[in-house]
Each structure stands twice: as C-alpha cells, then as structure tokens.
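Report on the structure given below.
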Amino acid sequence: MLPFLSTLFLIQATPNPPQEIVKPQEVRPLPGQLDAVPMFNSNSPELVLKEGILLSTFPPEGKKFPAAHLNFPFSGRFDLFAHHVAKAEPPENLQTLYLGVIVHNPGRVPVKLDILQAVSYLSQPDAPFIELPAMVENPDGRVYAGPGSRATNDILRGLTQAEWPAQLLIPPGNSQMLMNLPIPVRELTPPLNGRSTIMRLRSNGKVYMASLAMFAKQNPDGSERAPTLEEWQQLLETGDLSTPRDKTPTPLDAVSNFIYGRVAGVARGSVWKAQLVDRPGSFDLTIPQPGEAFSYGLSTLVRGTLGTNQVQSAPMLVRYPDTAYQAHGNYAIEYNLTLPLSNPTPQPQTVTIAIQTPIKEDQLSQPGLRFFAPPPQQVFFRGTVRISYNDDWGIPRTRYFHLVQRRGQQGEPLVQLNLPPGSRRLVAVDFVYPPDATPPQVLTVETLKR
C-alpha cells in the first residue's frame with residue numbers, strides 16, 4: 001500500500017518489536033495559537049472512485065443534493081489544501097480522473113482573487129515516494145519524497161509554480177475554474193496516483209468554492225480532454241458527494257476504539273506563530289541543565305497530547321457529518337517558532353535543537369518521552385524544515401533540512417550551538433506540516449553534558 005493511502009495513525013505489528021528507550025524530560029505545551037485564516041480542506045474521500053462533489057461551500061439552495069453544500073463564503077485571506085488519490089477500478093478502466101476547483105462570485109461587482117501562492121504535484125511523476133536518509137540538507141529544494149513533501153517545501157520557500165496566474169477576475173454572478181488538473185493512472189503499475197495541492201489566496205469580495213471529481217471527456221478521435229467550466233457547473237448543481245466514503249470518525253469524547261477520520265470542510269487556521277520563552281512575559285528561553293532536555297509538542301491532537309493536554313488540531317468551522325471533527329494533523333499549516341536561547345550559567349554550554357517523533361501517548365506513561373531503537377519501518381514524517389540562527393562566529397545562517405522520521409525516532413540535531421557564559425542566541429524553526437505525516441512530533445532543546 002502506498003504511503004498516501006495509509007490510514008491516519010495506523011500502527012502495524014512488527015515481527016520483532018524494537019526496544020523502547022525512555023528519555024526523562026519535560027514536555028511543554030506550545031505557546032501561541034493558530035491564526036483565524038480559514039482553510040478550504042479537501043481530503044475526504046481520499047481515494048476517489050466515483051465522480052461527484054468532494055467539498056462544496058456553496059449555498060444549498062437550488063442544488064439537487066442540498067446536504068452536499070456547506071454554505072460558507074470566503075472573503076479576504078484564506079487557504080486551500082486538497083489531497084486526493086485516483087485508482088483504476090476495475091484495473092482495466094484507465095480513464096483519467098480530473099480534480100476541479102470552481103470559484104463563484106455571488107455579488108453584483110467583480111471580485112479579484114489573488115493567488116498569493118499555489119503548488120500542485122502528482123505522486124507520479126512529479127514526486128514519487130522514494131527512500132531518503134533520515135536527514136538531508138536541502139538548500140535548493142530538490143529533495144522531497146511524495147507530493148505532500150514537495151508541495152510543503154515550496155510553500156515554505158514562498159514559491160509558486162509558473163502555470164498559475166497571479167489573479168483571477170470573476171465577474172458578478174459568474175464562476176471560474178481555479179484548478180482543472182488530472183490525476184492520471186495510465187501506464188502506472190499499479191494504476192494508482194495522488195495529487196497534493198496547497199494555495200494561499202486572497203479575495204476582495206465574497207466567493208464560494210467547491211472541489212469536484214470528474215472523469216475525462218472523450219474527443220471524437222477517442223483521446224481525452226479536460227472537463228469544461230459548464231460541465232463542472234453541471235456536476236456542482238446536480239451531483240452528490242463522491243463515494244465510497246471514508247470511515248466515519250468517532251466522536252472526540254468517545255471511550256471506545258477511536259477513528260480520527262479524514263477532513264472535508266473549512267478549518268480555522270493557516271499559521272501557528274509562537275515565541276518559546278520560559279513563561280508569559282519573559283524574553284528568554286533558559287537552556288536546560290547539562291545532560292537534560294525539554295520538548296514542545298508539535299501538531300498534538302486528541303489522544304496524542306504527550307502529557308501537555310494541548311490539542312493543536314485546527315477546529316472545523318463547517319464539515320460533513322461523516323468526516324473528521326477536527327483537522328487532525330494540521331496538514332498544510334505553517335509553524336513559525338522562535339527560540340531566544342539564554343545561557344545564564346557562568347560556563348559555556350553546547351545546545352542542540354531537534355525535531356523528533358516520539359511514541360504517541362496522551363498522558364505520559366513514563367516520566368519523559370518514549371522512543372524505539374531501532375525505529376520500525378512506518379514513516380511518520382517526511383518534509384522540509386528551515387532553521388535560522390547566528391552561528392558561533394556571529395554569521396547569520398539559514399539552512400533547510402529534509403527529514404524522514406519513523407515512528408519512535410529520536411531524530412538528529414538540526415543545529416548545535418556553543419553558547420558562551422551569560423549569552424543569548426535567537427533561533428527560528430519553520431516548517432509547513434506535510435500531508436502523509438502522522439502526528440505528534442516534538443521540538444527538543446538539549447544541553448549536552450560537558
């Protein structure tokens with residue numbers, strides 16, 4: 001099974017369980033919070049086998065299937081995240097599935113939709129899931145594994161693919177296609193492909209959006225063509241939700257077996273920005289004692305808060321009843337974290353900063369984080385992280401690393417810094433949480449033994 005079809009937080013049995021390691025340390029909730037920018041989050045059904053509506057925020061009035069429309073207008077800044085998979089079903093049916101995003105202006109004056117950033121990648125051939133080392137320097141963005149890894153890498157760097165216009169002008173009462181892209185399966189073995197799309201958008205008026213799935217139309221000569229705007233509009237007006245549906249999620253307060261579900265709706269939050277300091281109002285983050293460490297939770301979620309009782313998952317503003325109650329995983333959400341490190345001791349200290357993927361727990365069963373040695377094969381994080389700092393000679397550095405972390409992997413340091421007695425050093429860690437990752441992770445600050 002390919003990674004983009006893996007069930008969120010699936011844990012598979014291994015023939016020889018690895019040894020557990022406990023790292024005694026404090027785990028802290030992450031300061032700050034998500035902003036209020038809405039995100040059009042289209043990720044259910046992940047596997048699309050039938051034509052239909054994936055996510056519609058249009059009003060239900062006049063639609064053949066009113067329940068398929070969530071009636072949520074966007075205006076100002078908002079984001080789009082869409083991740084879907086096409087599969088030949090039956091295997092000999094190699095017709096190309098198209099993913100369309102339609103934008104409608106319901107008002108009486110034109111609306112400008114600024115495309116601030118936009119990237120969209122296929123698993124094949126754009127960004128195949130390849131084996132990569134646990135940590136690779138990625139200065140030019142050419143290191144990635146999977147479409148989610150590649151898309152979040154571009155968004156982190158402020159990039160947009162050349163084929164996207166800078167702006168759409170939508171006349172009053174009209175609609176335009178924001179996206180009309182294929183997910184081809186022909187000539188693939190197996191005939192299976194996925195597409196990840198992330199956009200940062202801004203409109204100067206109210207708009208509605210919908211993501212839709214439709215198979216390619218045939219030309220008279222038998223070749224395929226993309227659906228037209230009119231054909232997409234017809235599907236929006238008369239179509240129902242695409243099937244088969246994903247597993248129905250468990251209510252968040254349930255005590256039985258828990259299913260997170262996949263997201264289809266509008267979530268609240270685009271960026272989590274925070275300054276990591278000792279306490280509110282402080283300007284310093286005091287480094288740990290030599291030989292000790294502390295961690296901050298990243299993308300913590302229901303039943304996975306690592307003892308912090310902090311759920312970072314973006315809340316849903318609107319959703320379909322059979323989809324996730326929260327945007328578990330915070331896919332495509334950016335984390336901007338600054339660490340004003342302070343060494344108040346009279347001795348020089350050596351400090352490392354790392355991202356790690358501990359064994360998921362809600363309340364810690366041991367006084368610290370649990371890891372595996374060696375970690376099992378399931379990849380729980382693959383994406384690029386940026387770290388900015390002044391090095392030990394005072395020279396500003398910005399470095400990018402692509403990380404691949406498996407369940408329970410401790411992770412290698414992103415940076416090692418030597419802090420003189422009484423000194424301070426500002427470090428910034430930024431990343432866009434990648435699709436196909438499994439939370440939670442932690443950001444760990446450790447002072448090495450002298």
* Asked: If you measure from CZ on Phe78 to CE on Met209, what distance do you get to the nearest 0.5 Å?
  -> 4.5 Å
* Does a donor on one side chain sit under 3.5 Å from an acceptor on the other, for Ser295 and Gln25? -> yes
* To do: Evaluate the side-chain proximity of Pro375 to Pro18: yes if any heavy-atom separation is below 4.5 Å, no if none is.
  => no
* Look at atom CD of Gln33 and say whether more than 12 heavy atoms of other residues, nucleotides or ligands are closer to it than 6.0 Å. => no
* **Closest approach of Leu132 to Ala145 (non-hydrogen atoms, all atoms of both residues)** => CD1-CB, 3.8 Å
* Asked: Charged N to carboxylate O below 4.0 Å: is that the case for Glu446 and Lys23?
  -> no
* **Flag for Thr447-Gln349: side-chain donor and acceptor within less than 3.5 Å** => no
* Asked: Can you list every side chain to side chain donor-acceptor pair (under 3.5 Å) pair that touches residues 315-327, not counting sequence neighbours?
  -> Arg245-Asp322
* To do: Decide ring-ring contact (aromatic ring centres under 6.0 Å, His included) for His104 and Phe58; before the verdict, give the C-alpha distance in whole Å, the side-chain angles of both, and the deciding distance to 0.1 Å.
  => CA-CA 8 Å; His104 178 69; Phe58 279 68; 5.8 Å; yes
* Which heavy atom of Gly329 sits nearest a heavy atom of Ser313, and at what distance? -> N-OG, 4.3 Å
* To do: Please identify each residue that fulfils side chain to side chain donor-acceptor pair (under 3.5 Å) with Ser42, with sequence neighbours left out.
  => His84, Ser211
* Structure fact -> Residues at least two apart in sequence or cross-chain that pass side chain to side chain donor-acceptor pair (under 3.5 Å) with Asp284, listed by chain then number, are Arg424
* Asked: Distance from Tyr98 atom OH to Leu181 atom CG, nearest 0.5 Å?
  -> 8.5 Å
* Heavy-atom distance under 4.5 Å between the side chains of Val271 and Val37, does that happen here? -> no
* **Side chains of Leu49 and Thr243 in contact at under 4.5 Å (non-hydrogen atoms)** => no
* Asked: Going by heavy atoms in the side chains, are Asn330 and Pro439 under 4.5 Å from each other?
  -> no
* Asked: Are any non-hydrogen side-chain atoms of Glu361 and Leu369 less than 4.5 angstrom apart?
  -> no
* State whether a side-chain donor-acceptor pair under 3.5 Å links Thr384 with His402. => no
* Assign the ring pair His328 / Phe258 to parallel, tilted or perpendicular, where the plane angle (0 to 90°) is split at 30° and 60°. => perpendicular
* Just wondering, do Ser342 and Phe283 contact through their side chains at under 4.5 Å, heavy atoms? -> no
* Asked: Does Glu20 have any salt bridge (charged side-chain N to carboxylate O under 4.0 Å, His left out) partners at least two apart in sequence or in another chain, and if so, which?
  -> Arg370
* To do: Write down the atom of Leu276, the atom of Pro340, and the distance for their closest heavy-atom approach.
  => O-CD, 3.2 Å
* Pair Gln312-Tyr433, side-chain donor/acceptor within less than 3.5 Å -> no
* Structure fact -> Heavy-atom closest pair (Ser44 atom, Asp246 atom, distance to 0.1 Å) is OG-OD2, 2.9 Å
* Can you find a pair of side-chain heavy atoms, one from Ile53 and one from His69, that are under 4.5 Å apart? -> yes
* To do: Please identify each residue that fulfils side chain to side chain donor-acceptor pair (under 3.5 Å) with Thr305, with sequence neighbours left out.
  => Asp362
* Carboxylate-amine/guanidinium proximity below 4.0 Å for Arg157 and Asp140 -> no
* **Donor-acceptor side-chain pairing of Arg386 and Thr398 below 3.5 angstrom** => no
* So, for Val119 and Tyr121, which heavy atoms are closest and what is the spacing to 0.1 Å? -> CB-CE1, 4.1 Å
* Residue pair Arg28 / Tyr296, side-chain donor-acceptor N/O under 3.5 Å -> yes
* CD (Gln19) with more than 12 external heavy atoms under 6.0 Å -> no
* Would a 4.5 Å heavy-atom cut-off, applied to side chains only, mark Val101 and Met199 as touching? -> no
* **Thr308 to Pro29 - nearest heavy-atom pair and separation** => CG2-N, 3.7 Å
* Asked: Would you say Arg268 has more than 12 foreign heavy atoms packed within less than 6.0 Å of its CZ?
  -> no
* Under the side chain to side chain donor-acceptor pair (under 3.5 Å) test, which residues partner Asp126, sequence neighbours left out? -> none
